[in-house]
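Order of the sequence lines fixes the chain letters, A, B, ..., with proteins taken first and strands second; residue numbering starts at 1 for each chain. Just so it is clear, the model here is predicted, and its values are computed rather than measured.
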2 protein chains.
Amino acid sequence: MIESTLVSVDVLALRFDPNARTVLLGVAPRALEPFAGALALPGVLLGRGERLRDAARRAVTGKLGVPEEAISASGQLATFDEPSRDPRGPTLSIALWSTIDATRLTGAGPTWTQLDDVPPLAFDHDRIVRDCRPMLADRLWRDTTFTAGLLGREFTTAQALDLTESLTGDRPYPANLGRTMERVPGLERTAQHAAALPKGGRPPSVWRWTT
Amino acid sequence: MIESTLVSVDVLALRFDPNARTVLLGVAPRALEPFAGALALPGVLLGRGERLRDAARRAVTGKLGVPEEAISASGQLATFDEPSRDPRGPTLSIALWSTIDATRLTGAGPTWTQLDDVPPLAFDHDRIVRDCRPMLADRLWRDTTFTAGLLGREFTTAQALDLTESLTGDRPYPANLGRTMERVPGLERTAQHAAALPKGGRPPSVWRWTT
DNA sequence: ACAAAAGTGTTCTTCATACACCCATGT
DNA sequence: ACATGGGTGTATGAAGAACACTTTTGT
């Protein structure tokens, strides 16, 4: 009987912070060797018969301390198979994304780092983040589960602009993003307007998912 | 110590047959229980420390009898994690694609079935094929490794038309496909023309990858 | 001559990008 | 008043889809 490679699930736990106007990535210091104390993506070994989504949930709640209800959505990204990526021995890493609803976060949270400025991480987690980043940008406005997971059920044009800038690297014209969003199935512009920013400016529209 | 889920690699071994003018999928009857005798995708259990690509190669050579040199390219598709997908117990399946160069196939080959008309397969392999099909169509002309793997270093407009029809479901206008191909980086129309089809018609251009 | 199939040129539509200008808010 | 920032309308260019017409072959 061939001994099989171990499988770990590593999660890119993403949260959009409307105040910081950027996407944040949840990381946590490792409790055990190897890389004890170093920051890492939340990850767990996949249990026998466990589903990937459940393992991701377990990683996010266990390693980041995020409550279960705050996880709004998740999905697959890619699999990393370098045999030397874990010094303990060959371990497959299946990378998933999860979106976190900030409004349901309780008190003491994990470390949230800017997605554009992730500190050095344990294992090959830097590479995982680097390789998966374009896939995340690609999902925006195309994968409604992902986008709604980041923005919540209702959001403003201002937030949509900030989120897009944070994920793709440049800021769209408000007019053009509005037309893009009107073409997204399941998304509609409401008649409401939110409060204007502290600095002033026209109050942005409120958008809502119909599904 | 938690016993980890087993990992298998299942391969969509694809080959473009210019005569049949379709994409063929390599399947093989299973030698052992469960599903002994039933057709299945070539798959192997991932060895400890083995890379996914190597496992895919092992599956294609071992289960399909395709020689190593005939495998022109391969890549990841998705991971399937239903715990009940294998009656022997929970087994993760990582699906990969591999392209087979028909010119290097030796004598007795495996069973090649039309990709549009795959017979019932063992395990959840029907579902794997169904779920992965759109991903394959999506790669055409975008992923040059994939496209070149199917068509070879040189190919004709006629073959490009047939391949596109086979993967996407409808046949593009030759003029439009030509313009699409001219925009593919690393692909160029040569001055040569191939022989016309048996039924006649204008001799198609020959295209070549520059990389 | 005729059928078959690829290639050329043209049109139409859609979508992304860009920008000038207008509107609603805070200071 | 003025700065800030979203919204409206409009223009431009690239890409996809559709089709008339031409070219080159086999029968």
Kindly give the atom pairs (protein nitrogen or oxygen, nucleotide nitrogen or oxygen) under 3.5 Å for nucleotides 12-16 of chain D.
residue, atom, partner, partner atom, Å
dG16(D), OP2, Arg183(B), NH2, 2.1

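- In this entry the distance linking CG of Leu161(B) with P of dA17(D) reads 14 Å, nearest Å.
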* Asked: Base, backbone or nothing for each nucleotide of nucleotides 19-27 of chain C, written B, S, -, heavy atoms under 4.0 angstrom, 5' to 3'?
  -> B---BBBSS
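- The closest side-chain donor-acceptor pair between Ser72(A) and Thr99(A) falls under 3.5 angstrom.
- No more than 12 heavy atoms of other residues, nucleotides or ligands lie within 6.0 Å of CZ in Arg53(B), so this atom counts as exposed by the packing criterion.
- Summarising the geometry, the separation between CZ on Arg171(A) and P on dA16(C) is reported as 19 Å, rounded to the nearest angstrom.
- Under the salt bridge (charged side-chain N to carboxylate O under 4.0 Å, His left out) criterion, Arg153(A) pairs with no residue, sequence neighbours left out.
- When heavy atoms are screened at a 4.0 angstrom cut-off, Ser205(B) is found touching the sugar-phosphate backbone but no base atom.
- Taking atom CG of Leu163(A) as the reference point, atom P of dG6(D) lies 14 Å away to the nearest angstrom.
- Regarding Met181(B), its CE atom lies at a distance of 15 Å from the C1' atom of dT8(C), rounded to whole Å.
- Of the N and O atoms on the side chains of Arg189(A) and Ser205(A), at least one donor lies less than 3.5 Å from an acceptor on the other residue.
- Using a cut-off of 4.0 Å between Lys/Arg side-chain N and Asp/Glu carboxylate O, Arg171(B) and Asp162(B) are scored as salt-bridged.
- A straight line from CD of Glu165(A) to C1' of dG6(D) spans 15 Å, rounded to a whole angstrom.
- With rounding to whole Å, Gln192(B) atom CD is found 17 Å from dT24(D) atom P.
- Within the 3.5 Å criterion, the main-chain N or O of Leu92(A) finds no donor-acceptor partner in the side chain of Asp81(A).
- Contact annotation for Ala195(A): no contact, since no heavy-atom pair falls under 4.0 Å across all strands.
- For the pair Arg189(A) CZ and dG6(D) C1', the computed distance is 9 Å after rounding to whole Å.
- For the pair Val23(A) and Asp116(A), the minimum side-chain heavy-atom distance is 4.5 Å or more.
- Proximity of Thr157(A) to the phosphate of dG7(D): a side-chain N or O atom is located under 4.0 Å from OP1 or OP2.
- Distance CH2 (Trp207(B)) to P (dA6(C)): 13 Å, rounded to an integer number of Å.
- Between Phe155(A) and Trp209(A), the angle of the ring planes lies from 30° to 60°, which puts this pair in the tilted group.
- Separation of atoms OG1 (Thr168(B)) and CG (Leu140(B)) is listed at 7.5 Å; rounding is to 0.5 Å.
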